[in-house]
**Q** 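Right, I'll just put the structure down here and ask away after.
Each chain gets a letter, A, B and so on, in the order its sequence line appears, and its residues count up from 1.
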Amino acid sequence: MNALMRRLRPGGFFWLVVHELRVATRNARRRARSTWIALILLAIFTGVGIMIGLGLRGVPIPAGPAAYTGALAASILLTSFMTTQALLRSQHSLYEAGDLDLLLTAPLPPRTILRAKLCGIAGSVVISFALLLLPIALPVAVLGHPGLLGVPALLAALSLVSACLGLAITLAIVKLAGPRAARTFGQIVGALLAGAVFLISQLLSNGGGGGRRSAAMSLFTWLRAHRVAAGGIGALPGRAALGDPVAAALLLGTALLIFAATAFLFGRTFLASYQQAGMRLSRRRAATGSVAGQFRTGLFATMFAKEWRLLVRDPALAFQIVLRLIYLAPIALAAFGHGKGPPLLPALAFASVLIAGQLVGSFAWLAVSGEDAPDLLVVAPVARAQVERAKLASAAAMAVPFGLVLPAAIALYAPLGALVTLAMTAAGGFIAGLIEIKWQKPAPRRTFARRRSGSILAALSTIIATAILGGIAAVAVWLIG
Amino acid sequence: MTQPALAITGLRKSFDKPVITGLDLEVAAGELYALLGPNGAGKTTTLRMVTGLTRPDAGSIHIFGIDALADPLAAKAVTAWLPDEPMLYDKLTPSEYLGFVAGLWRIPPAEAAPEAERLLKWLELWDSRDTRCETFSRGMKQKVALAGALIHRPRLLILDEPLTGLDAAMARAVKDALREAVDRGATVVVTTHILEVAERLADRIGIIGDGKLLAEGTLDELRAQAGSDKMTLEDAFIQLTRTPQ
C-alpha cells in the first residue's frame, strides 16, 4: 500500500482512501492472533470452494425465482451484518481512532475526509466478507459457472450501502441521544442489528408454529411466500450474482449514488458530530452525604461491589451479556409456556448448564482478564489465589439469578430433576469461571465481544465441559422423569 | 540501629539486555529519597521490583526488615505504589475507589471511612467524591490515586514520576502531600525528572545510571562528588551521569 500511496497525489481523495485501507488492514492483522490460522482457514475455504465447484461442474444453476429469492435472503442477512460492522467502524472513527484531529486540522476539505473515511469503512467491510465468501464463490465460478463472477460486484454494492447506513445511524444517534450517550447507544444498536434477523426469524418461526428454523430459512420462506424476488428490484441481487451485467451495473450504480448522496448530505453533520464527540462523555454528579457506606469488610464484599458497579455502569457491555439471554428467550418461553415431559425437560436441563457456563465465563472474563488496574491488585497485600477466588465468587454471584430460571422451570414438573440440573448448572458455571481464570489474558473491557479470538482453547474447553455436564443433567432429568 | 525502610542489595534484572546490573541502595526510615537517572537508567524497573510487580533475576529487597521476595504479602502490607499512570477504575467514584483499596488492604471500615474523608477534603476532592473518575483531568486522577496510596497509611510510599503532566497547583498539592506523609512518619521514595523537585523536597538523592547507583547523598554531598560546591543539581546530575569518553 505504501508503494501505491507514493504514486498518488498526497492529500488527494484516492491517497486518503488507500491510507484508510492501510490502517484498517493493519488493525485487522494486529488483532489476528495467528496469521497461520487465518491462512489455514483461507486454504480450507478455498478447498471447500474447489470441491463444491467440482461437484457442481456441469450442473446448471437455474436463474429463476428460487435462486433470486435465495440471493435476496442472503443479501439481507449480509447487509445486516455489514451494517453492524460499518456502524462499529463509524463509531471507531468518531470516538477511538484519534486520527480525525490530524485530518481535520490539515488543509483538506472535511467532505473529502468524510468520503475517504466512508470508502475506508466500505473497504474494510468488503474485505472481511470477501475473505469469507469469495474463496468459495470464485472457484465455483472458474470451474464452470462464470456467471458467479457477479458475486464480487454484489458484495461491493452491499458494502457501499452498508457503510452509508452505518454512518447515517451513527450520526442519527449522536443527533438524537447526544454525544454523551451516543457511544453506548451505538453499541447497543449494533448488537441489536447483528441479532435482528435472528430474533425476527425466531419470532416468525415460533409464531407460525412450524418448529424452529434457521434465520436464513425463515427469511427465505417468507420472501418466497410473498414473491418478493419474483421480478423487479427484488430480483436484482440474484440477477447480479448470477452474472447479469445490467443488474450488476444497476446495483453498483445505485450504491455509488447513495454513497455520493451520503457524503454530500452528511459532510457538515459529520464534522459537527466529531466536534461534539470531543466533549466530556459523562456528567458530573453532586456529592452528597458521608463516604462511610463505601467501606466493606472482607475481600469478597469489596471485590463484588467493585465488579458489580463496573458492570452496571457500562450499559453497552451489560447489554452484550444480556443479549445472549435475549437470544435464549425463546427457550425460556417454551419452558414456562409449554413445558411438558421429554424431550423438552432434558433439553432445558442441557440449556441451563450451557447458559450458566456462558454467563459465569463472561463475568469471570470481565473480572479477571478485563481488570482495569491489575497492578493495583499485584501491589496489594493479597495473594493472587485469594483475588482469583474472590473474582470467581463475584462472577458466580452475578450469574446466580439467571442460573436459577431454567431449574425453576424444570421444578414445576420434575423437582428432583431440577435439583440435579441446579447442581450441574452450578458445576458448569464454576468450571467455566475456572477456565477463564486459568487462561486469563489481560485485555481492555471494551474488547469483550472479541474475547474469544484471544483464547480459542478457553472457548472450546468451556463448551466441551459445559456440554458434558449439560449432557449429564439432561440424561439424569430424562431418567428421573 | 534503626532498621532501614528500604534495603536493596545486588539487584539484577535483564530483559532483552541487562537493565539493572547490581544495584545496592539503602533508604533510611522517615526520609524523602529522590531517585534520579537518565531515561532508561532503570529507575522504574527498580521500583517495580520493590513493589513486587517485576521479579528480579538476583539480589535481595528488604522493606523495614521484611524480605520482600520471601514474604511479599507482609512487605506489600506496609508499602504503597503510585505509578505515573494512575491505577484507577474510570467507572468508580473517588469514594468508591478508596473503599475498594481499603478493602484490598483490609482496613476496617470504621478506620478507613474517616481517613478517606480526611484525604478527600485535604486533596480537594470532597465535592467530587460521588463523580466518576472518567470525567476527571489527569491531575485530579493523580490525586485520587494518591489518596488511594495513602488510605492504608503506608510506612513506605513509592512514587514513579508523580508530577508528570500536572499543572502548578496540582503539583504543589502532590508535593505537599509527600512532605506531610514524611512528617507523619512515612518514608517516601520518588523518581522524578524535575530536578528542582528533588533539590527542594528530597532529604537525600540517589543517581542511577547503567543499572547501578552512580552517586548518592544530600545535595551538598552530590556537588562535592561532582567536583564543585557551586554547582546546581542539574550541573551535578549531568556531570555524574556523563558517560566516560
**Q** Charged N to carboxylate O below 4.0 Å: is that the case for E180(B) and R118(B)?
**A**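 So E180(B) pairs with R118(B) through a salt bridge.
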**Q** Examine whether an atom of A112(B) lies under 4.5 Å from a heavy atom of chain A, and if so say whether it belongs to the side chain, the backbone or both; otherwise answer neither.
**A**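 Both backbone and side chain of A112(B) come within 4.5 Å of chain A.
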**Q** Give, as side chain, backbone, both or neither, the part of A305(A) having an atom under 4.5 angstrom from any heavy atom of chain B.
**A**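 For A305(A), there is no contact with chain B at all, as no heavy atom is under 4.5 Å.
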**Q** Counting heavy-atom pairs under 4.5 Å with chain A, which one of A102(B), G148(B), P108(B), G103(B) comes out on top?
**A**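 Highest number of heavy-atom pairs under 4.5 Å: G103(B).
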**Q** Would E371(A) and K306(A) count as a salt bridge (charged side-chain N to carboxylate O under 4.0 Å, His left out) if you check the C-alpha gap in whole Å, the side-chain angles of each, and the deciding distance to 0.1 Å?
**A** CA-CA 11 Å; E371(A) 171 61 52; K306(A) 174 215 143 200; 2.6 Å; yes
**Q** Between V387(A), D372(A), V378(A), T297(A), which has the largest tally of heavy atom pairs under 4.5 Å with chain B?
**A**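 Top count of heavy-atom pairs under 4.5 Å with chain B: V378(A).
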**Q** Looking at T191(B) and E161(B), would you say the former's side chain and the latter's main chain have a donor-acceptor pair under 3.5 Å?
**A**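 Side chain of T191(B) to backbone of E161(B), a donor-acceptor pair under 3.5 Å: yes, one is there.
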**Q** Does R309(A) come within less than 4.0 Å of D90(B), counting only side-chain N to carboxylate O?
**A**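 Between D90(B) and R309(A) there is no salt bridge, as every charged N stays at least 4.0 Å from the carboxylate O atoms.
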**Q** Examine whether an atom of V101(B) lies under 4.5 Å from a heavy atom of chain A, and if so say whether it belongs to the side chain, the backbone or both; otherwise answer neither.
**A**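 Side chain only.
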**Q** Between D375(A) and R48(B), does at least one N-O distance fall below 4.0 Å, as a salt bridge requires?
**A**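 Salt bridge present between D375(A) and R48(B).
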**Q** Could you tell me if the side chain of Q142(B) sits less than 4.5 Å from the side chain of P162(B), heavy atoms only?
**A**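 They are in side-chain contact.
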**Q** Strictly distance-based, threshold 3.5 Å: is any side-chain N or O of T93(B) a donor or acceptor partner for the main-chain N or O of E96(B)?
**A**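 Between the backbone of E96(B) and the side chain of T93(B) there is a qualifying donor-acceptor contact (under 3.5 Å).
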**Q** Tell me which of these, R106(B), E85(B), K91(B), has more heavy-atom pairs under 4.5 Å with chain A than the rest.
**A**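 Winner by heavy-atom pair count: K91(B).
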**Q** Below 4.5 Å from any heavy atom of chain A, which atoms of W81(B) appear? Answer side chain, backbone, both or neither.
**A**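 The answer is the side chain of W81(B).
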**Q** Chain A heavy atoms under 4.5 Å from L120(B): which part of the residue, side chain, backbone, both or neither?
**A**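 Contact with chain A: side chain only.
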**Q** Pick one of side chain, backbone, both or neither for I151(B), based on which atoms fall under 4.5 Å of a heavy atom in chain A.
**A**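 Contact with chain A: side chain only.
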